[in-house]
Number of protein chains: 2
Amino acid sequence: MSPRKSVAEALSTRAAILERSVAIASSEGLEGLTIGRLAAELGMSKSGVLGHFGSKEALQLAVLDRAGEIFRTEVWEPARPAAPGLTRLRVLCEAWISYLERGVFPGGCFFVAAAHEFDGRPGPVRDAVAARFDAWRGRLRKEAGRAVDAGELPAGTDPDQLAFELLGAVMALNHALQLHHDPMAPSQARHAIRTRLTT
Amino acid sequence: MSPRKSVAEALSTRAAILERSVAIASSEGLEGLTIGRLAAELGMSKSGVLGHFGSKEALQLAVLDRAGEIFRTEVWEPARPAAPGLTRLRVLCEAWISYLERGVFPGGCFFVAAAHEFDGRPGPVRDAVAARFDAWRGRLRKEAGRAVDAGELPAGTDPDQLAFELLGAVMALNHALQLHHDPMAPSQARHAIRTRLTT
DNA sequence: CCTACCGATCGGTAGG
DNA sequence: CCTACCGATCGGTAGG
């Protein structure tokens, strides 16, 4: 008769809140994700939702973590079996484009959206977003460096410059898909990346 | 003794509201721009502010227009005296990068921010943002086409693909400046663009 | 996990 | 251009 739930139930409730939060925040933003809406959609009270996280900011950080797990599964993992260097870099980029093309998040890249939303608001959320971009760009740079060292890319190629340009192509893709629903954009992004990842 | 202002005064009040609105919306977003905050910062009542536009959405559209005037002055105009084709395309890109580097809008590119904020919200604001991107990308494409026709760029260069890649480089720049305050980013963007705009 | 509530703020309106 | 107000919603808390 107690309204208290078991630990297992509490965990699955928490997971359900996060699942719904990722869906909402993906299209409405991490600030547009409100406790009241979340509670209504989940058939819970606001305090029930908030009890799992403590504050809206803590919820936002947890949502970012959950979105990071999804990005890792969709984009990092497929590249694990690939050979280090150029091959793996190509697989990473193709998984990255495919993740946008398939609309894994309805609002496009979760982190690009979060970056734009929080780049002017100092705090833990902004820091968490920036850290994820640093990690991702570092990943691209590392693999690019291996490709250059192995002679798979032209000698003198700057891995950091290459990572910058790959990021640009994918950001242009994300933008074209979200704002224009442009069906040509994925092939344009693939073309841009292929040009940059050819000896 | 009347609180009513003359037409000239009303126009300058309207201009003052828009100036402040552009500043706020640039860093907080077009949705973060609230009537109450605007009124407080301008020492006016909310209804006084709203009377000039009628609704928040109408205000947002007016702010977009004002930001468009600034973009035109900063980025389109400097290219007018340049020779059509590759020369003008280079001037356009340099003005575009400089506009971001100088922080003409404190929140970075006003339209990239607005695009991310509204790409998931159908309506007049979203349509206005999309139309501005279409116009700008068309401008880049047209000048790229002239450059190809004049033999200033390699034969077979696709003007639309080139516009896509230029947009990507600048979006990566905007992102790096806003999220990381990365001082290397402008030179990386210039390098990426120079590579693409060389015979 | 709930009900019931808090102060603040939102966009907008009535009436002058 | 103002005061005074509307209903809705925000994040969060008290107390159970």
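Naming convention: chains lettered A, B, ... in sequence-line order (proteins, then strands); numbering from 1 in each chain.
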Original post:
Any idea which of C/dC2, D/dC2, C/dC1 is nearest the A/T13 side chain?
Top reply: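 Selected nucleotide: C/dC1.
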Original post:
Going by the salt bridge (charged side-chain N to carboxylate O under 4.0 Å, His left out) test, which pairs reach into residues 113-131 of chain A, not counting sequence neighbours?
Top reply: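 Salt bridge (charged side-chain N to carboxylate O under 4.0 Å, His left out) check on residues 113-131 of chain A returns A/E31-A/R121.
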**OP:** Could you tell me which residues satisfy ring pair (Phe, Tyr, Trp, His ring centres under 6.0 Å) with A/F164, sequence neighbours excluded, listed by chain and number?
**Re:**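 Expected list: none.
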Original post:
Can you name the ring pair (Phe, Tyr, Trp, His ring centres under 6.0 Å) partners of B/F118, sequence neighbours left out?
Top reply: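 By the ring pair (Phe, Tyr, Trp, His ring centres under 6.0 Å) rule, B/F118 matches no residue at all.
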Subject >> B/H191, NE2 atom: more than 12 neighbouring heavy atoms under 6.0 Å >> reply: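 Open.
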Subject >> Over 12 foreign heavy atoms within 6.0 Å of CZ, A/R102 >> reply: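 Yes, because the 6.0 Å sphere around CZ of A/R102 holds more than 12 heavy atoms from other groups.
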Subject >> Nucleotide C/dC1, atom C1' - distance to CZ of A/R14 in whole Å >> reply: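 It works out to 16 Å between those atoms.
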**OP:** Quickly work out the A/L38 CG to C/dC1 C1' distance and round it to whole Å.
**Re:**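 Those two atoms, CG and C1', are 15 Å apart.
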Donor-acceptor contacts under 3.5 Å from residues 106-113 of chain A side chains, at least two apart:
none

**OP:** Sort by first number and list every stem of DNA chain C: at least 3 consecutive Watson-Crick or G-U wobble pairs, both distances under 3.5 Å.
**Re:**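 Output for stems: C:1-16 with D:1-16.
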**OP:** Kindly state whether the ring of B/W96 and the ring of B/W76 have centres lying under 6.0 angstrom apart.
**Re:**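 So the answer is no for these two rings.
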**OP:** Would you tell me whether B/Q188 and A/D158 have side-chain atoms, one donor and one acceptor, within less than 3.5 Å of each other?
**Re:**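 Judged by distance alone, the side chains do not pair up.
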Subject >> Under 4.0 Å protein heavy-atom contacts per nucleotide of nucleotides 6-13 of chain C, with B for base, S for backbone only and - for none >> reply: ----SBBB
